[in-house]
Protein chains: 2
Amino acid sequence: MTASEHPRMSDVARRAGVSLSTVSRALRGVPGVAPEVRHRVEQAAMELSYVISRGASSLVTGRTGRIAVIAPFLQPWFFGVAMAGIYSRLRSTGTDMVVYEVGDTTALSSYLRTLPLRRNVDAVIALSLRPADEELEHLRRLGVPVVFCSDEVDGFPSVFIDEAAAAADATRHLLNLGHTRVAYVQARDDTGFSWHSRQRVVGCRKATADAGLELVVVTAKTGIDGGALAAAELLSLSDPPTAIVTETDDLALGVLRTLERSRLAVPGVMSVVGFDDQETAALFDLTTVAQPVYDLGAQAAQLALDVLDGTGRTDTHLQLPTHLVVRGTTAGPRPTSSLAGPSAGESS
Amino acid sequence: MTASEHPRMSDVARRAGVSLSTVSRALRGVPGVAPEVRHRVEQAAMELSYVISRGASSLVTGRTGRIAVIAPFLQPWFFGVAMAGIYSRLRSTGTDMVVYEVGDTTALSSYLRTLPLRRNVDAVIALSLRPADEELEHLRRLGVPVVFCSDEVDGFPSVFIDEAAAAADATRHLLNLGHTRVAYVQARDDTGFSWHSRQRVVGCRKATADAGLELVVVTAKTGIDGGALAAAELLSLSDPPTAIVTETDDLALGVLRTLERSRLAVPGVMSVVGFDDQETAALFDLTTVAQPVYDLGAQAAQLALDVLDGTGRTDTHLQLPTHLVVRGTTAGPRPTSSLAGPSAGESS
DNA sequence: ATGAAAGCGCTAACAA
DNA sequence: TTGTTAGCGCTTTCAT
């Protein structure tokens with residue numbers, strides 16, 4: 001893409017028989033250009049297949065027309081969906097989306113430290129990512145436009161769900177069904193426990209506490225395999241639970257796998273609730289908490305856009321609704337709640 | 001991120017007591033700077049938290065330090081994994097990744113048409129996307145650096161698998177098991193049939209033809225639901241197949257769902273083979289063709305990088321290996337191959 | 001409504 | 001080895 005081959009604004013100016021600044025004005029659609037002239041300029045630009053060099057204009061305007069999305073991972077379901085949501089809003093304004101993966105804490109902080117200085121983007125959307133407090137303080141002081149998506153952060157525009165309440169809903173569903181021994185599978189990755197993670201246990205614990213019960217918590221690596229291991233751990237307890245809530249659908253799928261391999265009927269012997277409601281949840285007939293991930297992304301993008309055009313305020317906190325989707329993996333506990341009994345193998 | 005607040009190169013120059021160009025040279029690490037001076041400059045830059053404005057330098061160098069990834073969708077498994085692969089290579093060179101979703105043909109061609117003119121990126125990686133022939137010709141003439149990932153295109157660097165051979169492998173596996181009525185579920189989205197799609201049927205058809213058999217082909221919308229519908233269609237045939245190959249794992253999952261709801265044993269009554277080997281394939285014990293998606297992305301990124309630094313050639317075609325992963329959804333057909341018993345056609 | 005001129009922050013000759 | 005001088009392609013006062 002050798003720069004020399006592209007027509008420049010002066011080429012358009014010459015062809016339209018006007019000055020450089022007139023072309024600039026005409027093409028940007030600012031008022032103060034005679035309609036006839038504007039048309040001539042557009043014509044010329046079209047004939048030359050002229051497209052403006054954003055780099056050059058951002059050098060003077062200070063705006064890049066780009067927004068960064070930073071995420072701990074690129075691969076998991078959540079991020080793909082959220083990005084699709086973000087992109088949907090961005091595309092309509094012609095804003096480009098540049099993506100960074102900041103898997104571990106050091107990558108994140110090093111990104112954030114150089115952020116205000118690299119004028120590579122106009123704003124940042126942090127996807128399910130919470131920087132350390134001192135980083136946040138630093139960003140706040142600098143007044144850097146960062147929008148948090150799927151996390152609520154003081155002093156920054158944020159879009160999120162009520163994690164604790166959603167998790168509590170799921171737990172209460174189980175409690176109302178009559179379960180008295182409920183376990184929670186918490187995910188931890190290399191970054192430690194995410195914000196989600198911490199909020200969701202709190203919600204579950206509150207729900208069980210309100211019922212005068214205790215919550216059994218085990219931690220697991222993220223993903224299906226992590227869930228499978230966690231379930232094995234729970235099953236080896238001296239007094240196993242009769243219901244399991246997991247932090248994500250992936251974990252629930254793993255739990256289901258272990259259960260099936262152990263020939264423990266679901267929901268006969270064990271009830272399972274996930275979180276996310278991704279496509280596979282329906283496939284497995286998994287009861288789960290649905291969260292509007294696409295919208296989370298779209299709204300975050302909107303907030304970022306608002307901040308950029310001055311419409312936005314840093315204290316916009318947007319909470320999106322979740323709802324429990326009850327499917328076939330939850331039911332009341334068996335009268336005799338021992339895990340001993342024989343049980344039919346369940347579906348594949 | 002107001003530009004005025006950032007320290008500029010001249011600030012560093014003043015602080016280090018050297019000239020602008022010395023700072024430029026020192027910071028870029030080009031030879032011809034006294035070690036002592038270089039150190040002083042780096043020191044000054046650090047103290048000021050100076051970070052270079054890429055926009056300004058790309059204005060003069062003509063290089064943006066950015067690569068575009070264009071994909072038809074952002075959400076599906078394949079794209080997340082491929083992007084993670086791309087990113088892994090890009091990050092090490094400090095190249096930014098800007099992502100565009102060009103779902104339909106018009107979005108794609110309008111992107112490609114303005115591409116050479118918008119100097120926003122140094123190169124483009126097209127993910128599982130094949131432009132129309134005239135677009136390709138146009139790009140070839142312009143000499144635009146485009147790398148095709150998961151597709152083989154003449155005159156452009158490409159990274160891909162042997163789609164036809166992989167699909168043929170899957171089919172032969174079934175044939176060797178003794179199946180004589182094999183069906184293929186082909187995916188079609190709004191863009192029509194992708195390149196994959198066309199290649200994979202060819203492979204299946206060749207395999208069956210070589211065995212003197214016919215291949216039953218049905219088309220389906222992409223995704224789990226599409227697969228479920230396709231399976232229903234196949235089950236309602238007067239002479240249903242005993243084995244089904246699908247274009248993707250997602251489709252296979254849908255097929256499995258319909259089969260399960262129809263109470264048709266897998267692989268007892270029906271064998272199923274997917275394509276991709278994503279995480280859920282193992283969960284469902286699905287026999288499938290594994291393709292190295294992450295590597296596909298990483299290699300494509302490498303080719304793009306190579307083209308940029310002059311190392312690359314436009315005729316680099318890289319074929320990556322696939323392999324059939326045999327799991328539990330495939331077995332020989334039953335002796336009496338009629339689909340007796342509870343029969344076809346249930347949906348949701 | 002239009003044009004001329006002065007940069008935006010950097011790199012790349014060219015001198016020294 | 002270092003500094004000086006032009007621009008890169010635009011936007012933006014300030015005149016006209």
Side-chain angles (χ1 to χ4, degrees), chain A residues 1-42 44-45 48-66 114 116-122, chain B residues 1-42 44-45 48-66 116-120 122:
Chain A
M1 223 162 295
T2 21
S4 51
E5 309 185 7
H6 303 305
R8 304 166 301 147
M9 199 175 260
S10 57
D11 296 322
V12 179
R14 195 174 321 110
R15 187 168 240 262
V18 293
S19 81
L20 204 58
S21 30
T22 301
V23 175
S24 173
R25 283 187 280 253
L27 259 28
R28 268 177 308 151
V30 302
V33 181
E36 190 271 322
V37 176
R38 163 159 293 149
H39 182 262
R40 213 168 59 223
V41 170
E42 282 165 348
L48 293 173
S49 315
Y50 172 78
V51 172
I52 198 170
S53 159
R54 286 205 193 183
S57 52
S58 61
L59 191 54
V60 25
T61 61
R63 297 282 291 264
T64 63
R66 247 170 278 135
T114 62
L117 312 152
R118 50 157 82 196
R119 304 75 121 155
N120 284 326
V121 293
D122 296 331
Chain B
M1 221 163 299
T2 22
S4 50
E5 309 186 6
H6 303 305
R8 302 166 303 147
M9 200 174 261
S10 56
D11 296 322
V12 179
R14 195 174 320 111
R15 187 168 241 263
V18 294
S19 81
L20 241 186
S21 33
T22 301
V23 175
S24 173
R25 283 188 280 250
L27 260 28
R28 269 177 307 151
V30 303
V33 181
E36 190 270 325
V37 176
R38 162 160 294 148
H39 183 260
R40 213 167 61 223
V41 170
E42 283 165 347
L48 293 172
S49 315
Y50 172 79
V51 172
I52 198 168
S53 158
R54 284 203 194 185
S57 54
S58 61
L59 192 53
V60 26
T61 60
R63 296 283 290 265
T64 63
R66 249 170 275 134
L117 311 152
R118 49 158 83 192
R119 304 74 122 153
N120 283 326
D122 296 331

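Residue numbers start from 1 in every chain, and the chains themselves are labelled A, B, ... in the order their sequence lines are given, proteins ahead of strands. The model shown is predicted, which means the values in this text are computed figures rather than measured ones.
Shortest non-hydrogen contact noted between Arg40(A) and Val18(A) is NH2-CG1, 3.4 Å. Heavy atoms only, all atoms of each residue included: Met9(A) and Ile52(A) are closest at CE-CD1, 4.2 Å. Minimum heavy-atom separation, Leu59(A) to Ala56(B): CD1-CB, 3.6 Å.
The side chain of Arg28(B) approaches dA12(C) more closely than any other nucleotide in the set dG9(C), dA1(C), dA12(C). Closest to the side chain of Ser19(A), from the set dC10(D), dA4(C), dA1(C), is dA4(C). The Val33(B) side chain lies nearest to dT2(D) when the options are dT12(D), dC10(C), dT2(D). Checking dT2(C), dA13(C), dT11(C) against every side-chain atom of Arg25(B), the shortest atom distance belongs to dA13(C). Considering only the side chain of Leu20(A), dT11(D) comes nearest among dT11(D), dC10(C), dT2(D). Looking at the side chain of Ser21(A), the nearest of the listed nucleotides dC10(D), dA4(C), dT11(C) is dA4(C).
When each of Val37(A), Leu27(A), Val12(A) is paired with Thr22(A), the side-chain contact (heavy atoms from CB on, under 4.5 Å) condition holds for Val37(A) and for no other. Applying side-chain contact (heavy atoms from CB on, under 4.5 Å) to Val23(B) and the options Asp11(B), Val33(B), Val41(B) leaves one that passes, Val41(B).
Atom pair Met9(B):CE and dA12(C):P shows a separation of 11 Å (rounding to whole Å applied). Put simply, CD1 on Ile52(A) is 14 Å from C1' on dC8(D), counting in whole angstrom units. The CG atom of Leu48(A) sits 15 Å away from the P atom of dG9(D) (whole-angstrom rounding). Between Arg38(B) atom CZ and dT1(D) atom P there is a gap of 10 Å when expressed in whole angstrom units. As rounded to whole Å, 8 Å separates atom P of dT2(C) from atom CZ of Arg40(A). Computed from coordinates, the Arg14(B) CZ to dG9(C) P distance equals 12 Å when rounded to whole Å. With rounding to whole Å, His39(A) atom NE2 is found 19 Å from dT2(C) atom C1'. dC8(C) atom C1' lies 14 Å from atom CG of Asp11(B), rounded to whole Å.
Nearest-nucleotide mapping onto DNA chain D: of Leu59(B) and Thr22(B), the residue sitting toward the 5' end is Thr22(B). Comparing Val18(B) and Val60(B) against DNA chain D, the residue whose closest nucleotide sits nearer the 5' end is Val18(B).
Within the structure, a side-chain polar atom (N or O) of Ser24(B) is placed less than 4.0 Å from OP1 or OP2 of dT11(C). Taking 4.0 angstrom as the limit, Tyr50(A) places none of its side-chain polar atoms (N or O) nearer than this to OP1 or OP2 of dG9(D).
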